[in-house]
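Accompanying notes for the structure given below.
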Amino acid sequence: MESIKKTFIIVVVTVILCMSCSTVFIYNKTKSLMRDAYENELRVESGMISGAIENSFLRPITVSETMSKDFIMNKILNINTKDEALSMEQEASEYLTSIRNGFGYSMVFAVNDASKAYYTCDGISKYLAPETNDQDIWYKVFMERDSELPYLLDVDIDAVNNWALSVFVNTAVYDDNGKYIGLCGVGVDMTELQRLLERYERIYDVKIDLINSEGLIQVDTDAANIENAYIEIDSPELYTDGECYYEVGENVNRTITYIDDLGWYLVVRNNTSLVSNVYSMLIPNVICMVVGVILIITIFSLSYGRIKNSLETK
(Lines give C-alpha, C1' and ligand atoms only; values in the text may rest on other atoms or scores of the structure.)
Protein backbone atom coordinates (compact mmCIF):
# COMPACT_ATOMS: atom_id res chain seq x y z
CA MET A 1 0.00 0.00 0.00
CA GLU A 2 2.81 2.39 0.84
CA SER A 3 4.39 1.82 -2.58
CA ILE A 4 1.09 2.58 -4.29
CA LYS A 5 0.70 5.71 -2.21
CA LYS A 6 4.22 6.85 -3.05
CA THR A 7 3.62 6.13 -6.73
CA PHE A 8 0.42 8.15 -6.60
CA ILE A 9 2.18 11.12 -4.99
CA ILE A 10 5.07 10.95 -7.46
CA VAL A 11 2.68 10.85 -10.43
CA VAL A 12 0.62 13.81 -9.15
CA VAL A 13 3.72 15.89 -8.36
CA THR A 14 5.20 15.04 -11.77
CA VAL A 15 2.00 16.01 -13.55
CA ILE A 16 1.77 19.31 -11.65
CA LEU A 17 5.40 20.15 -12.38
CA CYS A 18 4.99 19.32 -16.07
CA MET A 19 1.86 21.42 -16.30
CA SER A 20 3.51 24.32 -14.45
CA CYS A 21 6.50 24.21 -16.78
CA SER A 22 4.18 24.02 -19.77
CA THR A 23 2.19 27.00 -18.50
CA VAL A 24 5.35 29.10 -18.04
CA PHE A 25 6.59 28.08 -21.49
CA ILE A 26 3.24 28.84 -23.13
CA TYR A 27 3.05 32.18 -21.30
CA ASN A 28 6.49 33.31 -22.45
CA LYS A 29 5.96 32.04 -26.00
CA THR A 30 2.51 33.62 -26.27
CA LYS A 31 3.78 36.91 -24.86
CA SER A 32 6.67 36.95 -27.35
CA LEU A 33 4.38 36.19 -30.31
CA MET A 34 1.78 38.73 -29.23
CA ARG A 35 4.45 41.36 -28.68
CA ASP A 36 5.71 40.85 -32.23
CA ALA A 37 2.16 41.01 -33.54
CA TYR A 38 1.40 44.16 -31.53
CA GLU A 39 4.61 45.79 -32.68
CA ASN A 40 4.02 45.06 -36.36
CA GLU A 41 0.42 46.20 -36.15
CA LEU A 42 1.25 49.38 -34.25
CA ARG A 43 4.13 50.25 -36.59
CA VAL A 44 1.85 49.99 -39.61
CA GLU A 45 -0.86 52.04 -37.92
CA SER A 46 1.67 54.68 -36.83
CA GLY A 47 2.94 54.96 -40.40
CA MET A 48 -0.59 55.53 -41.69
CA ILE A 49 -1.33 58.11 -38.98
CA SER A 50 1.99 59.89 -39.44
CA GLY A 51 1.39 60.21 -43.18
CA ALA A 52 -2.12 61.58 -42.65
CA ILE A 53 -0.89 64.17 -40.13
CA GLU A 54 1.95 65.30 -42.39
CA ASN A 55 -0.50 65.68 -45.28
CA SER A 56 -2.82 67.79 -43.12
CA PHE A 57 0.04 70.19 -42.37
CA LEU A 58 1.48 70.20 -45.87
CA ARG A 59 -0.96 72.78 -47.20
CA PRO A 60 -0.64 75.43 -44.43
CA ILE A 61 3.15 75.02 -44.36
CA THR A 62 3.30 75.43 -48.15
CA VAL A 63 1.03 78.49 -48.03
CA SER A 64 3.11 80.08 -45.27
CA GLU A 65 6.41 79.42 -47.06
CA THR A 66 4.99 80.76 -50.34
CA MET A 67 3.89 83.94 -48.56
CA SER A 68 7.37 84.39 -47.09
CA LYS A 69 8.90 84.39 -50.58
CA ASP A 70 6.31 86.68 -52.14
CA PHE A 71 7.71 90.07 -53.23
CA ILE A 72 4.63 91.78 -51.76
CA MET A 73 5.35 90.32 -48.32
CA ASN A 74 8.97 91.40 -48.70
CA LYS A 75 7.80 94.92 -49.50
CA ILE A 76 5.42 95.01 -46.52
CA LEU A 77 8.01 93.88 -44.00
CA ASN A 78 11.13 95.54 -45.41
CA ILE A 79 10.69 98.69 -43.28
CA ASN A 80 12.38 100.10 -40.20
CA THR A 81 10.02 102.38 -38.23
CA LYS A 82 6.48 102.39 -36.84
CA ASP A 83 5.56 105.23 -39.19
CA GLU A 84 6.65 103.14 -42.17
CA ALA A 85 4.79 100.15 -40.74
CA LEU A 86 1.65 102.26 -40.48
CA SER A 87 2.04 103.38 -44.10
CA MET A 88 1.97 99.69 -45.18
CA GLU A 89 -1.12 98.86 -43.12
CA GLN A 90 -3.65 99.07 -45.97
CA GLU A 91 -1.53 97.05 -48.39
CA ALA A 92 -0.82 94.43 -45.74
CA SER A 93 -4.50 94.15 -44.89
CA GLU A 94 -5.50 93.64 -48.52
CA TYR A 95 -2.76 91.08 -49.12
CA LEU A 96 -3.51 89.03 -46.00
CA THR A 97 -7.24 89.16 -46.74
CA SER A 98 -6.64 87.77 -50.22
CA ILE A 99 -4.74 84.83 -48.69
CA ARG A 100 -7.50 84.24 -46.14
CA ASN A 101 -10.23 84.29 -48.78
CA GLY A 102 -8.22 82.17 -51.19
CA PHE A 103 -7.32 79.38 -48.74
CA GLY A 104 -9.97 79.65 -46.04
CA TYR A 105 -7.74 80.14 -43.00
CA SER A 106 -9.29 81.96 -40.06
CA MET A 107 -6.00 83.67 -39.25
CA VAL A 108 -3.38 85.07 -41.65
CA PHE A 109 -0.71 87.34 -40.20
CA ALA A 110 2.71 88.98 -40.54
CA VAL A 111 5.15 90.67 -38.16
CA ASN A 112 7.70 93.35 -39.01
CA ASP A 113 10.82 92.69 -36.94
CA ALA A 114 12.02 96.32 -36.80
CA SER A 115 8.80 97.88 -35.52
CA LYS A 116 7.18 94.69 -34.15
CA ALA A 117 3.98 95.66 -35.99
CA TYR A 118 1.60 92.68 -35.99
CA TYR A 119 -0.46 92.71 -39.19
CA THR A 120 -3.74 90.83 -39.64
CA CYS A 121 -6.50 91.11 -42.21
CA ASP A 122 -7.81 94.08 -40.21
CA GLY A 123 -4.52 95.98 -40.33
CA ILE A 124 -2.07 96.47 -37.46
CA SER A 125 -3.56 94.53 -34.57
CA LYS A 126 -0.82 95.49 -32.08
CA TYR A 127 2.88 96.09 -31.62
CA LEU A 128 4.56 93.06 -30.07
CA ALA A 129 6.60 93.38 -26.88
CA PRO A 130 8.07 89.87 -26.43
CA GLU A 131 10.45 90.98 -23.68
CA THR A 132 7.72 92.35 -21.41
CA ASN A 133 4.39 90.87 -22.54
CA ASP A 134 3.82 87.17 -21.85
CA GLN A 135 1.26 87.01 -24.66
CA ASP A 136 4.00 87.90 -27.13
CA ILE A 137 6.58 85.42 -25.84
CA TRP A 138 5.90 83.22 -28.88
CA TYR A 139 7.85 85.68 -31.04
CA LYS A 140 10.89 85.37 -28.79
CA VAL A 141 10.59 81.59 -28.91
CA PHE A 142 10.52 81.76 -32.69
CA MET A 143 13.64 83.92 -32.81
CA GLU A 144 15.50 81.57 -30.46
CA ARG A 145 14.35 78.34 -32.10
CA ASP A 146 16.96 75.63 -32.51
CA SER A 147 15.95 74.34 -35.92
CA GLU A 148 17.13 74.52 -39.50
CA LEU A 149 13.53 74.79 -40.67
CA PRO A 150 12.43 78.29 -41.75
CA TYR A 151 9.13 77.78 -39.90
CA LEU A 152 7.96 76.80 -36.44
CA LEU A 153 4.61 75.41 -35.30
CA ASP A 154 3.09 77.12 -32.30
CA VAL A 155 -0.06 76.15 -30.38
CA ASP A 156 -1.86 79.21 -29.08
CA ILE A 157 -5.20 80.96 -28.71
CA ASP A 158 -6.55 82.65 -31.84
CA ALA A 159 -8.10 85.92 -30.66
CA VAL A 160 -9.54 86.56 -34.13
CA ASN A 161 -11.30 83.16 -34.22
CA ASN A 162 -13.32 83.49 -30.98
CA TRP A 163 -10.28 82.63 -28.86
CA ALA A 164 -10.18 79.13 -30.29
CA LEU A 165 -7.11 76.93 -29.95
CA SER A 166 -5.08 76.94 -33.16
CA VAL A 167 -1.77 75.74 -34.54
CA PHE A 168 0.10 78.68 -36.06
CA VAL A 169 2.66 78.13 -38.80
CA ASN A 170 5.23 80.91 -38.27
CA THR A 171 7.66 81.31 -41.18
CA ALA A 172 10.70 83.59 -41.37
CA VAL A 173 10.87 86.28 -44.07
CA TYR A 174 14.21 87.51 -45.46
CA ASP A 175 15.02 90.39 -47.79
CA ASP A 176 16.98 90.05 -51.04
CA ASN A 177 20.26 90.21 -49.10
CA GLY A 178 19.28 87.37 -46.74
CA LYS A 179 18.57 89.67 -43.79
CA TYR A 180 15.73 88.62 -41.46
CA ILE A 181 12.95 91.22 -41.63
CA GLY A 182 10.03 89.45 -39.93
CA LEU A 183 7.69 86.52 -40.20
CA CYS A 184 4.35 85.54 -41.67
CA GLY A 185 2.01 82.62 -41.33
CA VAL A 186 -1.44 81.10 -41.06
CA GLY A 187 -3.46 79.57 -38.24
CA VAL A 188 -4.99 76.08 -38.45
CA ASP A 189 -8.05 75.51 -36.28
CA MET A 190 -7.24 72.87 -33.64
CA THR A 191 -10.64 71.19 -34.08
CA GLU A 192 -9.65 70.13 -37.61
CA LEU A 193 -6.63 68.26 -36.25
CA GLN A 194 -8.64 66.81 -33.38
CA ARG A 195 -11.20 65.40 -35.82
CA LEU A 196 -8.36 63.78 -37.78
CA LEU A 197 -6.89 62.17 -34.66
CA GLU A 198 -10.32 61.11 -33.43
CA ARG A 199 -11.01 59.35 -36.73
CA TYR A 200 -7.83 57.27 -36.54
CA GLU A 201 -8.29 56.55 -32.84
CA ARG A 202 -11.69 55.10 -33.64
CA ILE A 203 -10.44 53.07 -36.62
CA TYR A 204 -7.41 51.52 -34.90
CA ASP A 205 -8.53 51.63 -31.24
CA VAL A 206 -5.45 53.58 -30.18
CA LYS A 207 -4.63 56.84 -28.39
CA ILE A 208 -2.81 59.44 -30.49
CA ASP A 209 -0.84 62.49 -29.33
CA LEU A 210 1.54 65.00 -30.82
CA ILE A 211 4.11 66.28 -28.32
CA ASN A 212 7.12 68.58 -28.37
CA SER A 213 10.65 67.71 -27.25
CA GLU A 214 9.74 68.40 -23.61
CA GLY A 215 6.85 65.94 -23.80
CA LEU A 216 4.22 68.70 -23.62
CA ILE A 217 1.11 67.68 -25.55
CA GLN A 218 0.50 69.89 -28.59
CA VAL A 219 -2.43 68.09 -30.20
CA ASP A 220 -4.87 65.74 -28.45
CA THR A 221 -8.51 64.81 -28.94
CA ASP A 222 -9.07 66.04 -25.38
CA ALA A 223 -8.58 69.81 -25.45
CA ALA A 224 -7.90 69.83 -21.68
CA ASN A 225 -4.59 68.02 -22.29
CA ILE A 226 -3.27 70.46 -24.89
CA GLU A 227 -0.41 72.58 -23.51
CA ASN A 228 -1.25 71.19 -20.04
CA ALA A 229 -0.37 67.48 -19.88
CA TYR A 230 2.91 65.71 -20.55
CA ILE A 231 3.88 62.35 -21.99
CA GLU A 232 7.26 61.25 -20.75
CA ILE A 233 9.74 59.86 -23.27
CA ASP A 234 13.33 59.03 -22.43
CA SER A 235 16.07 60.80 -24.42
CA PRO A 236 13.88 62.34 -27.17
CA GLU A 237 16.99 63.14 -29.21
CA LEU A 238 17.33 59.41 -29.89
CA TYR A 239 14.12 59.42 -31.91
CA THR A 240 14.98 62.21 -34.33
CA ASP A 241 16.11 59.94 -37.17
CA GLY A 242 12.54 59.55 -38.45
CA GLU A 243 12.31 55.87 -37.52
CA CYS A 244 9.29 54.42 -35.75
CA TYR A 245 10.34 53.15 -32.30
CA TYR A 246 8.30 50.59 -30.39
CA GLU A 247 8.14 50.50 -26.60
CA VAL A 248 6.39 47.87 -24.49
CA GLY A 249 5.39 48.19 -20.84
CA GLU A 250 3.24 46.38 -18.34
CA ASN A 251 0.12 48.36 -19.14
CA VAL A 252 0.81 50.12 -22.42
CA ASN A 253 2.46 49.55 -25.78
CA ARG A 254 3.36 52.55 -27.87
CA THR A 255 5.30 53.80 -30.85
CA ILE A 256 7.22 57.07 -30.99
CA THR A 257 7.94 58.72 -34.33
CA TYR A 258 9.65 62.05 -34.88
CA ILE A 259 7.97 64.04 -37.65
CA ASP A 260 10.76 66.18 -38.99
CA ASP A 261 8.54 68.55 -40.97
CA LEU A 262 6.63 69.45 -37.81
CA GLY A 263 9.37 69.25 -35.19
CA TRP A 264 6.98 67.18 -33.06
CA TYR A 265 6.81 63.58 -31.89
CA LEU A 266 3.90 61.31 -32.76
CA VAL A 267 3.00 58.97 -29.89
CA VAL A 268 0.55 56.16 -30.68
CA ARG A 269 -0.50 54.02 -27.73
CA ASN A 270 -2.36 50.73 -27.90
CA ASN A 271 -5.38 50.80 -25.61
CA THR A 272 -5.06 47.08 -24.82
CA SER A 273 -2.53 45.76 -22.30
CA LEU A 274 -0.24 43.07 -23.68
CA VAL A 275 0.01 41.27 -20.33
CA SER A 276 -3.75 41.24 -19.73
CA ASN A 277 -4.31 39.84 -23.22
CA VAL A 278 -1.78 37.09 -22.63
CA TYR A 279 -3.45 36.22 -19.34
CA SER A 280 -6.87 36.12 -21.00
CA MET A 281 -5.54 33.71 -23.60
CA LEU A 282 -3.86 31.50 -20.98
CA ILE A 283 -6.84 31.25 -18.66
CA PRO A 284 -8.61 28.51 -20.71
CA ASN A 285 -5.36 26.50 -20.85
CA VAL A 286 -4.79 26.88 -17.13
CA ILE A 287 -8.38 25.83 -16.41
CA CYS A 288 -7.94 22.73 -18.58
CA MET A 289 -4.72 21.87 -16.78
CA VAL A 290 -6.30 22.31 -13.34
CA VAL A 291 -9.25 20.16 -14.38
CA GLY A 292 -6.78 17.56 -15.68
CA VAL A 293 -4.90 17.51 -12.37
CA ILE A 294 -8.16 17.18 -10.45
CA LEU A 295 -9.26 14.30 -12.69
CA ILE A 296 -5.92 12.53 -12.23
CA ILE A 297 -6.07 12.98 -8.47
CA THR A 298 -9.69 11.77 -8.45
CA ILE A 299 -8.90 8.70 -10.55
CA PHE A 300 -5.90 7.78 -8.45
CA SER A 301 -7.87 8.38 -5.26
CA LEU A 302 -10.68 6.10 -6.42
CA SER A 303 -8.21 3.49 -7.63
CA TYR A 304 -6.24 3.71 -4.41
CA GLY A 305 -9.47 3.35 -2.39
CA ARG A 306 -10.57 0.29 -4.36
CA ILE A 307 -7.16 -1.38 -4.01
CA LYS A 308 -7.07 -0.57 -0.30
CA ASN A 309 -10.58 -1.99 0.25
CA SER A 310 -9.69 -5.06 -1.76
CA LEU A 311 -6.60 -5.73 0.32
CA GLU A 312 -8.45 -5.11 3.58
CA THR A 313 -11.18 -7.59 2.48
CA LYS A 314 -8.55 -10.25 1.89
Side-chain angles (χ1 to χ4, degrees), residues 45-68 95-111 118-122 125 135 138 141-142 145 147 149-171 183-213 215-231 255-269 271:
E45 293 169 355
S46 297
M48 297 284 290
I49 296 167
S50 176
I53 291 173
E54 285 186 278
N55 286 336
S56 69
F57 277 101
L58 179 61
R59 186 168 178 261
I61 289 175
T62 301
V63 170
S64 186
E65 287 190 301
T66 302
M67 287 170 57
S68 71
Y95 176 76
L96 297 177
T97 300
S98 69
I99 299 296
R100 181 190 64 184
N101 294 341
F103 296 95
Y105 294 110
S106 60
M107 183 62 168
V108 185
F109 57 92
V111 177
Y118 184 83
Y119 296 103
T120 67
C121 295
D122 297 323
S125 174
Q135 292 184 347
W138 63 269
V141 171
F142 177 81
R145 71 191 187 283
S147 173
L149 295 174
Y151 57 85
L152 181 69
L153 303 186
D154 177 50
V155 176
D156 206 345
I157 299 295
D158 186 353
V160 177
N161 188 24
N162 298 318
W163 302 97
L165 263 177
S166 298
V167 179
F168 294 93
V169 183
N170 302 322
T171 305
L183 63 76
C184 64
V186 297
V188 180
D189 196 325
M190 181 65 75
T191 56
E192 296 180 21
L193 303 172
Q194 289 178 307
R195 281 195 293 266
L196 176 67
L197 265 58
E198 185 178 16
R199 175 170 172 261
Y200 281 97
E201 286 183 350
R202 187 171 59 252
I203 292 174
Y204 297 122
D205 189 26
V206 294
K207 178 63 180 147
I208 306 170
D209 286 286
L210 287 168
I211 63 175
N212 63 16
S213 58
L216 182 64
I217 293 177
Q218 302 297 296
V219 184
D220 189 296
T221 52
D222 185 354
N225 291 331
I226 299 174
E227 295 273 286
N228 291 313
Y230 287 83
I231 295 177
T255 57
I256 301 172
T257 309
Y258 181 71
I259 304 179
D260 187 62
D261 288 341
L262 308 185
W264 288 344
Y265 298 82
L266 170 67
V267 180
V268 181
R269 290 171 285 173
N271 290 329

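Starting from 1, each residue takes its place in the sequence as its number.
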What distance do [X] atom [atom1] and [Y] atom [atom2] have between them, rounded to the nearest 0.5 Å?
X      : Y      : atom1 : atom2 : result
Leu262 : Leu152 : CG    : CG    : 11.0 Å
Glu201 : Leu196 : CD    : CG    : 10.0 Å
Ile259 : Ile53  : CD1   : CD1   : 5.0 Å
Tyr230 : Leu216 : OH    : CG    : 4.5 Å
Thr221 : Arg195 : OG1   : CZ    : 13.0 Å
Ile231 : Tyr265 : CD1   : OH    : 13.5 Å

Does the side chain of [X] reach to within under 4.5 Å of the side chain of [Y], using non-hydrogen atoms?
X      : Y      : answer
Thr171 : Leu183 : no
Asp154 : Val167 : no
Tyr200 : Val268 : no
Lys207 : Val267 : no
Leu266 : Trp264 : no

For [X] and [Y], indicate whether the former's side chain and the latter's backbone hold a donor-acceptor pair under 3.5 Å.
X      : Y      : value
Tyr151 : Asp261 : yes
Arg269 : Asp209 : no
Gln194 : Asp220 : yes
Ser50  : Ser46  : no

key: side-chain hydrogen bond (donor to acceptor under 3.5 Å, both in side chains) partners for Glu192, two or more places apart   = none
request  = Could you tell me which residues satisfy side-chain hydrogen bond (donor to acceptor under 3.5 Å, both in side chains) with Tyr95, sequence neighbours excluded, listed by chain and number?
outcome  = Asp70
message = Working note: Ile99 + Met67, criterion side-chain contact (heavy atoms from CB on, under 4.5 Å); need CA distance, chi angles, decisive distance, verdict.
response = CA-CA 9 Å; Ile99 299 296; Met67 287 170 57; 3.9 Å; yes
Do you know the tightest heavy-atom contact between [X] and [Y]?
X      : Y      : answer
Leu96  : Val108 : CD2-CG1, 3.7 Å
Ser64  : Cys184 : OG-O, 3.5 Å
Asp260 : Leu149 : O-CD1, 3.4 Å
Arg100 : Tyr105 : CG-O, 2.8 Å
Leu58  : Thr62  : O-OG1, 2.7 Å
Pro150 : Glu65  : CG-OE2, 3.4 Å

ask   = Which of these, Phe142, Phe57, Phe109, sits in a ring-ring contact (aromatic ring centres under 6.0 Å, His included) with Phe168?
value = Phe109
